[in-house]
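Beneath this line is the structure, given in structure tokens, with notes to follow.
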Amino acid sequence: MSRRKIAVVTGASAGIGAATARALYAAGFEVVIGARRLDRLRDLAAEIDATACELDVTEDESVARFAAAFERVDLLVNNAGFSLGLAPVVESDPAEWAAMHDTNVVGVVRLIRALLPRLLESGDGHVINVGSIAGFEVYPGGGGYAGSKHALRALTRTLRLELLGQPVRVTEVCPGMTETEFSLVRFAGDEARAAAVYGGMTPLAADDVAECISWAATRPPHVNIDEIVVRPRDQAAAHAVHRDG
Ligand code: NAP
């Protein structure tokens, strides 16, 4: 008898992660969701019958508690991440670089270390990392964030080489501008500044990115989607955006 596959989604309390949890549930997965804001996870869990567990990807103990809350895993979506500020390198805060790197890169390593044995045991495992066009491109003020997403892309490609011959696929989904809480976090809660990011243009919605993740996750086991780069029609490069008016 076939069983429902288990998908684990990090950073599922908002934006792309929440949309991905919904999309994977709709595609037939049983979903486990993690993030720091448990109250938000509980609302989503009730909606899609998911298992919600507190998770801080920067804390070893938190990752260990999270990983102990479920048994099997078929799909790991490493989505938790953020950007802080838009300062030029010379004015930037090293603590912000370290925080972005710890969450966006080392956090992914922590989850892979915790869950890869079970992904292998599943016989058809899959790791999908949420990268960014900032893993391919740079822009003024984006040094720390682009540095972390370039590193994540290197990690993703390294993992795919290291797992060659084993039953785990490795994919990276790299969005451009997507309207979520991302800019609100980047600008420390400044709503006007966050809203201005999307002024006069049509960004991706979280659901657009979730659909890419769900599509990659539902290909047959022998098909590895290496990477998907998806951006709004109004964005030709990280800092080349068409705006009306
Ligand atoms: P978002 O709406 O701010 O969501 C970010 C999620 O990450 C939240 O659920 C947050 O939950 C979680 N998170 C942050 N730090 C965490 C930690 N230490 N441990 C666990 N969870 C953590 O932003 P988003 O746009 O959906 O971002 C999702 C991913 O897409 C990120 O990796 C981002 O870099 C990437 N991305 C976004 C865009 C864009 O334009 N929006 C473009 C390219 C790539 P808690 O705060 O509750 O922990």
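Counting starts at 1 for both ligands and their atoms, in listed order. Counting begins at 1 with the first residue of the sequence.
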Does ligand 1 come near enough to [X] that some N or O of the ligand is less than 3.5 Å from an N or O of the residue?
{"X": "S13", "result": "yes"}
{"X": "S132", "result": "no"}
{"X": "N79", "result": "yes"}
{"X": "V57", "result": "yes"}
{"X": "I16", "result": "yes"}

Closest to atom 21 (N) of ligand 1 (judged by heavy-atom distance), picking from A80, G176, S183, A238: A80
Per atom 5 (C) of ligand 1, closest listed option by heavy atom (G81, G17, G15, A206): G81
Ionic contact status for R37 with E181, cut-off 4.0 Å: yes
salt_bridge(R243, D234) N-O dist < 4.0 Å: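 Salt bridge absent between R243 and D234.
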Whether P175 lies under 4.0 Å from ligand 1, heavy atom: yes
Close aromatic pair by centroid cut-off 6.0 Å: F182 and Y145: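 That pair passes the under 6.0 Å test.
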Distance-minimising heavy-atom pair for I33 and A21: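 Looking at all heavy atoms of both residues, the shortest contact is CG2-CB, 3.7 Å.
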Distance-minimising heavy-atom pair for T171 and H126: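 Heavy atoms only, the tightest pair is OG1-NE2, 2.8 Å.
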Proximity to ligand 1 by part of R36, non-hydrogen separation under 4.0 Å: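 Looking at R36 and ligand 1, atoms from backbone and side chain both fall under 4.0 Å.
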Side chain, backbone, both or neither: K149 near ligand 1, heavy atoms under 4.0 Å: side chain
S62 versus D56, side-chain donor and acceptor atoms under 3.5 Å: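 No, no side-chain donor-acceptor contact under 3.5 Å.
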Straight-line distance of D208 CG to T178 OG1, nearest 0.5 Å: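 If I round to the nearest 0.5 Å, the distance is 7.5 Å.
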Nearest-neighbour protein heavy atom for atom 12 (C) of ligand 1, which is reported as residue plus atom name and distance: G11 CA, 3.5 Å
Over-ring placement of R153 relative to F136, 6.0 Å and 45° cut-offs: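 Yes, a cation-pi geometry holds between R153 and F136.
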